[in-house]
A.B. asks: 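To start, I am sharing the structure in question, which I have written as structure tokens.
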2 protein chains.
Amino acid sequence: MGVNNIGVGSVGGARRVSPGLQCLVCGDTSSGKHYGILACNGCSGFFKRSVRRKLIYRCQAGTGACVVDKAHRNQCQACRLKKCIQMGMNKDGRSMTSLPFIYNDENLMPLAFI
Amino acid sequence: MGVNNIGVGSVGGARRVSPGLQCLVCGDTSSGKHYGILACNGCSGFFKRSVRRKLIYRCQAGTGACVVDKAHRNQCQACRLKKCIQMGMNKDGRSMTSLPFIYNDENLMPLAFI
DNA sequence: TCCGGTCAAGGTTATT
DNA sequence: AATAACCTTGACCGGA
Ligand SMILES: [Zn+2]
Ligand SMILES: [Zn+2]
Ligand SMILES: [Zn+2]
Ligand SMILES: [Zn+2]
């Protein structure tokens, strides 16, 4: 482990969380990079499931502006995935932040996901 | 690069795989010798981890005859490691093919691994 | 050339 | 069913 990898430790291949890093999506403790950005296990898994199953979420509030933090990240899947993408999460090393979003009160997913 | 090294190319020091060489364990493309035999990155890493951590695997099928190819190599660790050793993989330049195996439906690992 | 180390991706498991 | 912690894999890199 290099000295530059402060905050990221590994034992036997296991990835451990560390107080030094935090998730760009929800602020929870991060174990390192996931899909291009510093993210926690929760947001990493959520993004993985959403992309793999091509899930389409709808913001129940209709605003697309729900708070996404450790305490509320499971309250609105649409806003959580939106923030994942806005913070730079991507599947193939290609950013999705410039993709058009659907805000027509149907869902908040980028067109490329459908 | 010598003319004898057909199939193995390198650019800028990076090791590249080539269709000309294939892993003796699973048939995947190989980048050259690993632990004594032509092997792919996957089987090389698998053997490395197994030996280092002295892992003991069990064949769930109980036959010790699972297919080990690129598509199925992760289906049975016991049969993968068995084939690694049978094809001549070794840790210190000393062949393990003559080591006794345990076939008493407990596991398939060589005694020396335990 | 090859070996050891790295670490993100994907799979698995426990929990709810 | 979804979530998140844990685990295994393998492509890549630097060093010998
Ligand atoms: Zn998070
Ligand atoms: Zn919302
Ligand atoms: Zn192989
Ligand atoms: Zn088997």
A.B. asks: Identify all pairs in which a protein N or O lies below 3.5 Å from an N or O of nucleotides 1-4 of chain D, and state each distance.
C.D. replies:
| unit_1 | atom_1 | unit_2 | atom_2 | d |
| --- | --- | --- | --- | --- |
| D/dA2 | OP1 | A/Arg53 | NH2 | 3.2 |
| D/dA2 | OP2 | A/Arg53 | NH1 | 2.9 |
| D/dA2 | OP2 | A/Arg53 | NH2 | 3.3 |
| D/dT3 | OP1 | A/Gln77 | NE2 | 2.9 |
| D/dT3 | OP2 | A/Arg49 | NE | 3.4 |
| D/dT3 | OP2 | A/Arg49 | NH2 | 3.1 |
| D/dT3 | O5' | A/Arg49 | NH2 | 3.3 |
| D/dT3 | O3' | A/Asn74 | ND2 | 3.3 |
| D/dA4 | OP1 | A/Arg73 | NE | 2.8 |
| D/dA4 | OP1 | A/Arg73 | NH2 | 2.9 |
| D/dA4 | OP1 | A/Asn74 | ND2 | 3.1 |
| D/dA4 | OP2 | A/Arg80 | NH1 | 3.0 |
| D/dA4 | OP2 | A/Arg80 | NH2 | 3.0 |
| D/dA4 | N7 | A/Arg49 | NH1 | 3.3 |

A.B. asks: Between B/Asn90 (CG) and C/dC2 (C1'), how many Å, whole number?
C.D. replies: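 After rounding, the gap between these two atoms is 13 Å.
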A.B. asks: Whole angstrom is fine here: how far is it from NZ in A/Lys33 over to P in C/dG10?
C.D. replies: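 Checked: the NZ to P distance equals 16 Å.
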A.B. asks: Of all residues at least two apart in sequence or in a different chain, which pass the side-chain contact (heavy atoms from CB on, under 4.5 Å) check with B/Leu24?
C.D. replies: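 For B/Leu24 the side-chain contact (heavy atoms from CB on, under 4.5 Å) partners, ignoring immediate neighbours, are B/Ile37, B/Leu38, B/Met87.
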A.B. asks: List in chain and number order the residues that pass side-chain contact (heavy atoms from CB on, under 4.5 Å) with A/Ala61, two or more places apart in sequence or in another chain; answer none if no residue qualifies.
C.D. replies: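 With sequence neighbours excluded, A/Ala61 shows a side-chain contact (heavy atoms from CB on, under 4.5 Å) to A/Cys59, A/Thr63, A/Cys66, given in chain and number order.
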A.B. asks: Restricting both atoms to N or O, compile the protein contacts to nucleotides 11-14 of chain C shorter than 3.5 Å, with distance only.
C.D. replies:
| unit_1 | atom_1 | unit_2 | atom_2 | d |
| --- | --- | --- | --- | --- |
| C/dG11 | OP2 | A/Arg52 | NH2 | 3.3 |
| C/dG11 | N7 | A/Lys48 | NZ | 3.1 |
| C/dG11 | O6 | A/Lys48 | NZ | 3.2 |

A.B. asks: Report yes if the side chains of B/Arg73 and B/Asp28 come closer than 4.5 Å at any heavy-atom pair, otherwise no.
C.D. replies: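 Yes; the side chains approach each other to less than 4.5 Å.
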A.B. asks: Check whether any side-chain N or O of A/Ser30 sits under 3.5 Å from a backbone N or O of A/Ala39 as a donor-acceptor pair, and report yes or no.
C.D. replies: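 At least one qualifying donor-acceptor pair exists.
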A.B. asks: What integer distance in Å separates A/Lys91:NZ from C/dA9:P?
C.D. replies: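 From A/Lys91 NZ to C/dA9 P: 8 Å.
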A.B. asks: Taking salt bridge (Lys or Arg N to Asp or Glu O under 4.0 Å) as the cut-off, I'd like each qualifying pair that reaches into residues 39-52 of chain A, sequence neighbours left out, listed once.
C.D. replies: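 Output for this query is empty, none listed.
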A.B. asks: How would you list, by chain and number, every residue that makes a salt bridge (charged side-chain N to carboxylate O under 4.0 Å, His left out) with A/Arg80, sequence neighbours excluded?
C.D. replies: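 A/Arg80 satisfies salt bridge (charged side-chain N to carboxylate O under 4.0 Å, His left out) with no residue once adjacent residues are dropped.
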A.B. asks: What's the spacing between A/Ser50 OG and A/Leu81 CG if we round to 0.5 Å?
C.D. replies: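 With rounding to 0.5 Å, OG (A/Ser50) is 5.0 Å from CG (A/Leu81).
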A.B. asks: Rounded to whole angstroms, how far apart are CZ on B/Phe47 and C1' on D/dT9?
C.D. replies: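 The distance from CZ of B/Phe47 to C1' of D/dT9 comes to 17 Å, rounded to the nearest Å.
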A.B. asks: Could you tell me whether the side chain of B/Asp92 and the main chain of B/Asn90 form a donor-acceptor pair under 3.5 Å?
C.D. replies: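 No.
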